[in-house]
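We use all heavy atoms of the structure for the numbers below, so side chains are in, but hydrogens, waters and symmetry mates are not.
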Amino acid sequence: MENQLAKSIEERTFQYQDSLPSLPVPSLEESLKKYLESVKPFANEEEYKKTEEIVRIFQNGVGEKLHQKLLERAKGKRNWLEEWWLNVVYLDVRIPSQLNVNFVGPSAHFEHYWPPKEGTQLERGSIILWHNLNYWQLIRKEKLPVHKVGNTPLDMNQFRMLFSTCKVPGITRDSIINYFRTESEGHSPSHIAVLCRGRVFVFDVTHEGCLITPPELLRQLTYIYNKCHSEPEGPGVPALTCEERTRWAKSREYLIGLDPENLTLLEKIQSSLFVYSIDDDSPHVTPEDYRQILLILLTGNPTLRWGDKSYNLISFSNGIFGCNCDHAPFDAMVMVNVAHYVDERILETEGRWKGSEKARDIPLPEELIFTVDEKILNDISQAKVQYFKEASNLQIAAYAFTSFGKKLTKKNGLHPDTFIQLALQLAYYRLHGRPGCCYETAMTRYFYHGRTETMRSCTVEAIRWCQSMQDPSTSLLERQEKMLQAFAKHNKMMKECSAGKGFDRHLLGLLLIAKEEGLPVPELFTDPLFSRSGGGGNFVLSTSLVGYLRIQGVMVPMVHNGYGFFYHIRDDRIFVACSAWKSCPETDAEKLVQLIFHAFHDMIQLMSTARL
């Protein structure tokens with residue numbers, strides 16, 4: 001009886017979904033006031049006055065009408081943004097998404113029990129698979145603890161999108177298919193897809209009602225590995241997923257028309273829990289230098305990634321692991337959560353399997369053999385050429401700053417995340433001689449199906465401080481004062497954005513209402529200051545805090561002359577990863593990272609010297 005009671009009061013992963021508040025629509029006046037403040041660093045007096053007038057006309061005219069229509073829309077939906085966001089930011093985009101949209105990150109196990117070592121790929125692979133499958137079972141049984149801030153539950157919907165989820169290309173718009181069901185909802189797929197040397201295999205991860213064990217997983221992986229390494233390579237159908245979206249959609253339609261069985265095979269990959277890759281590469285990695293592992297995860301062999309899959313788990317021949325994930329169905333915090341869970345299990349078990357070595361007699365993996373012809377083989381080789389050309393243009397700098405970390409910033413009363421954002425502003429200002437419009441991800445999971453809001457870190461206060469740091473006549477005390485004002489402003493804005501009081505998503509909503517109503521695009525959105533300050537996806541700094549754990553990731557920049565900047569913060573170190581395009585003569589990820597590390601030292605010095 002006691003057991004039953006304990007079970008009935010145990011929280012379930014998705015139990016608060018129905019009671020979460022709806023995503024609010026901020027006040028028009030507040031949003032426009034914040035917008036005007038955000039463009040100030042990028043305007044001279046004359047330009048600012050012109051934009052101020054454009055905003056005033058918008059607020060008193062068409063803006064108010066659009067806002068009322070948005071409020072109407074919000075009445076009928078618990079999240080007025082969700083569908084729009086998915087379509088506009090992800091599914092309507094036609095550029096190749098594997099390189100331009102997906103995010104990647106290495107598994108942290110190489111820092112402790114699993115340093116790079118040839119000959120460990122399959123055995124370690126069986127263990128990492130086992131822990132990932134246990135995480136899948138936690139979500140299936142709704143035993144994954146609900147994320148909370150204090151006692152307030154956060155939206156957990158994105159965790160439904162991790163397993164058995166896939167994007168499917170369309171001629172003008174892609175779609176997302178999610179096959180996952182919790183145990184109480186019914187049947188859910190229980191197979192994984194394995195990619196190896198241009199070939200595709202699937203096998204079920206349950207046998208007689210329970211998960212197969214690491215020795216059994218090892219048998220399956222060894223079978224696939226041996227077969228692929230003793231026979232010719234396959235055609236590499238997965239490479240089609242790295243192509244431009246409409247071209248991939250047309251190839252897919254042609255592939256299905258060639259043989260209806262091809263659709264069945266595609267659906268097996270789409271519905272698989274995730275894709276597991278056996279990659280022959282051996283990326284270099286140390287706890288201080290992630291450059292090569294991140295580059296290979298993001299730009300490695302396209303026949304070993306299903307670019308549309310929500311989760312590709314990649315194993316390398318030196319026993320290093322990582323992931324490559326489609327960004328459309330969820331944000332990186334989901335992957336951070338999985339990666340941390342698996343890393344903790346590997347630490348607990350010292351990277352070994354301590355259970356029975358006995359392997360049951362389970363069915364061997366099934367190979368998915370596509371019917372292909374010259375046209376498809378040509379499409380595959382075209383996709384690879386396009387992909388490698390773009391991939392060779394990417395520069396990644398990813399290093400650990402080991403002089404100090406969270407402990408020291410907090411000891412100085414400085415918020416660690418804000419510390420890094422302001423260091424980035426100073427570094428960009430020093431490198432480029434101007435303010436850098438910046439997108440930092442703010443989390444809106446307090447609300448139903450909430451994902452993110454844009455937090456614009458390049459504030460008037462931040463730039464005043466940057467200018468003071470470059471002006472030799474400014475006193476240390478004045479520099480410190482300006483820095484603390486910039487910190488206070490950043491912290492206040494981050495709180496507001498997370499509480500649904502940002503303005504970028506609101507402005508997007510107003511623009512989309514105008515488009516849906518067939519109205520001309522309001523001048524607010526065509527004003528040069530709108531895009532110069534980052535609006536319309538034009539942020540030169542696209543940034544995100546990955547967290548305070550051992551997990552790191554990276555994505556490409558948002559614009560050609562910009563940077564992607566991702567970081568995690570530990571007690572004693574700060575890890576940063578920065579991406580840029582080599583073909584842009586003015587950006588340099590290596591230089592920017594070195595300047596950020598200098599800025600860290602300058603900021604801490606400022607706190608201690610100004611105290612004296």
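- Atom CD of Q137 is surrounded by more than 12 heavy atoms from other residues, nucleotides or ligands within 6.0 Å.
- Closest of all the heavy-atom pairs between P106 and Q552 is CD-O, 3.3 Å.
- Between the side chains of Q17 and N157, no donor N or O sits under 3.5 Å from an acceptor N or O.
- The aromatic rings of W136 and F163 lie perpendicular to each other, with more than 60° between the two planes, well past the 30° mark.
- Counting only N and O atoms by type, the side chains of H67 and H506 include a donor and acceptor under 3.5 Å apart.
- Side-chain contact check for V554 versus Y290: every heavy-atom pair is 4.5 Å or farther apart.
- Without hydrogens or angle criteria, E244 side chain to T246 main chain gives a donor-acceptor distance under 3.5 Å.
- For S188 against Y179, the heavy-atom pair with the smallest separation is OG-O, 3.7 Å.
- Taking OG of S184 as the start and CZ of R140 as the end, the distance is 9.0 Å to the nearest 0.5 Å.
- A distance below 6.0 Å separates the ring centres of F600 and F401.
- Between I346 and H131, the closest side-chain pair of non-hydrogen atoms falls below 4.5 Å.
- A donor-acceptor pair is defined here as one N or O able to donate and one able to accept, closer than 3.5 Å; such a pair exists between the side chain of R94 and the backbone of I171.
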Step-by-step side-chain contact (heavy atoms from CB on, under 4.5 Å) determination, V342 to R345: CA-CA 5 Å; V342 173; R345 299 294 83 74; 5.7 Å; no

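- Cation-pi geometry between R73 and W84 is satisfied (NZ or CZ under 6.0 Å from the ring centre, within 45° of the ring normal).
- Within a 6.0 Å sphere centred on NZ of K148, heavy atoms belonging to other residues, nucleotides or ligands number more than 12.
- Between Y439 and F539, the ring planes are perpendicular. Angles over 60° get that label, and only those under 30° would be called parallel.
- With a 6.0 Å cutoff to the six-membered ring centre and a 45° limit on the axis angle, R78 counts as a cation-pi contact of Y448.
- In summary, the side chains of R451 and H449 do not present any donor paired with an acceptor at a separation below 3.5 Å, with no hydrogens or angles considered.
- One finds the NE2 atom of H490 at 7.5 Å from the CE atom of M493 (value rounded to the nearest 0.5 Å).
- Side-chain contact of R305 with T241: a donor-acceptor pair under 3.5 Å is absent, judged by distance alone.
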Run Y563 and V540 through side-chain contact (heavy atoms from CB on, under 4.5 Å) and show every step you take. CA-CA 6 Å; Y563 298 93; V540 296; 5.9 Å; no

D92 and R245: CA distance, side-chain angles, deciding distance, salt bridge (charged side-chain N to carboxylate O under 4.0 Å, His left out) verdict: CA-CA 9 Å; D92 292 344; R245 302 308 297 168; over 6 Å; no

Which is it for K34 and E37 under the salt bridge (charged side-chain N to carboxylate O under 4.0 Å, His left out) test, yes or no, and what are the steps along the way? CA-CA 5 Å; K34 287 171 183 172; E37 207 174 319; over 6 Å; no

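- Salt-bridge annotation for K406 and D417: absent, with no side-chain N of the basic residue lying under 4.0 Å from a carboxylate O of the acidic one.
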Distance-only criterion, 3.5 Å: show the donor-acceptor pairs between side-chain atoms of residues 19-30 and protein atoms not counting sequence neighbours.
| unit_1 | atom_1 | unit_2 | atom_2 | d |
| --- | --- | --- | --- | --- |
| S19 | OG | Y16 | O | 3.1 |
| S27 | OG | E30 | N | 3.0 |

Please step through salt bridge (charged side-chain N to carboxylate O under 4.0 Å, His left out) for the pair E83 and K77, ending with a clear verdict. CA-CA 10 Å; E83 188 187 340; K77 294 176 184 285; 3.7 Å; yes

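- Counting only distance, with no hydrogens or angles, the side chain of N538 and the backbone of G535 share a donor-acceptor pair below 3.5 Å.
- Expressed to the nearest 0.5 Å, how far OH of Y311 lies from OG of S272 amounts to 12.0 Å.
- Remark: R160 is positioned above the aromatic ring of F14, its terminal NZ or CZ atom under 6.0 angstrom from the ring centre and at most 45 degrees off the axis.
- Between the side chains of T51 and D527, at least one donor-acceptor pair of N or O atoms lies under 3.5 Å.
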Just do the side-chain contact (heavy atoms from CB on, under 4.5 Å) check on Y90 and W85 with the steps written out, would you? CA-CA 8 Å; Y90 297 114; W85 183 251; 3.9 Å; yes

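- Using a 3.5 Å distance cut-off with no hydrogens or angles, the side chains of S457 and Q421 do pair a donor with an acceptor.
- Salt bridge absent: R56 and E52 never bring a charged side-chain N and a carboxylate O closer than 4.0 Å.
- Looking at Q98, its side chain never comes within 3.5 Å of a backbone N or O of D308 through a donor-acceptor pair.
- Separation of atoms CG (L510) and OG (S31) is listed at 7.5 Å; rounding is to 0.5 Å.
- Ionic pairing of K69 and E64 is not present here: no N-O contact between side-chain nitrogen and carboxylate oxygen is shorter than 4.0 angstrom.
- The pair D331-R445 does not meet the salt-bridge criterion, since no charged nitrogen lies less than 4.0 angstrom from a carboxylate oxygen.
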Under the side-chain contact (heavy atoms from CB on, under 4.5 Å) criterion, do F180 and L162 qualify, and how do the steps go? CA-CA 9 Å; F180 174 82; L162 173 63; over 6 Å; no

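- Here the shortest heavy-atom pairing between P435 and Y429 reads N-CD1, 3.9 Å.
- The main-chain N or O of T441 is never found under 3.5 Å from a side-chain atom of T452 such that the two would form a donor-acceptor pair.
- Here the two rings, on F565 and Y567, have centers that are under 6.0 Å apart.
- Atom NZ in K492 sits 10.5 Å away from atom NZ in K495 (nearest 0.5 Å).
- In this structure a side-chain-to-backbone donor-acceptor pair under 3.5 Å is missing from D343 to A339.
- Here the closest heavy-atom approach between residue Q425 and residue C458 is recorded as OE1-SG, 3.4 Å.
- A donor-acceptor contact closer than 3.5 angstrom is absent between the side chains of W581 and N561.
- Here the side chain of N79 pairs a donor or acceptor atom with the backbone of L81 at under 3.5 angstrom.
- The aromatic rings of F419 and F487 sit tilted, their planes meeting at an angle between 30° and 60°.
- Within 6.0 Å of atom NZ in K489, more than 12 heavy atoms from other residues, nucleotides or ligands are found, so the atom counts as buried in its surroundings.
- Checking side-chain atoms of S310 against main-chain N and O of T165 turns up a donor-acceptor pair under 3.5 Å.
- Under the 3.5 Å distance criterion, the side-chain polar atoms of S164 are matched with a main-chain donor or acceptor of S271.
- The pair D326-K309 fails the salt-bridge criterion, with no side-chain N (NZ, NE, NH1 or NH2) lying under 4.0 Å from an Asp/Glu carboxylate O.
- Between the side chains of K167 and S97, at least one donor N or O sits under 3.5 Å from an acceptor N or O.
- Nearest heavy-atom pair, P169 versus D174, reported as atom, atom and distance to 0.1 Å: CA-OD1, 3.2 Å.
- Under the ring-ring contact (aromatic ring centres under 6.0 Å, His included) criterion, H147 pairs with F159, sequence neighbours left out.
- S533 places a side-chain N or O within donor-acceptor distance of the main-chain N or O of F530, the cut-off being under 3.5 Å.
- In this structure, Q68 places its CD atom where more than 12 heavy-atom neighbours from other residues, nucleotides or ligands lie under 6.0 Å away.
- Here the closest non-hydrogen pair linking R456 and G534 is NH2-C, 4.5 Å.
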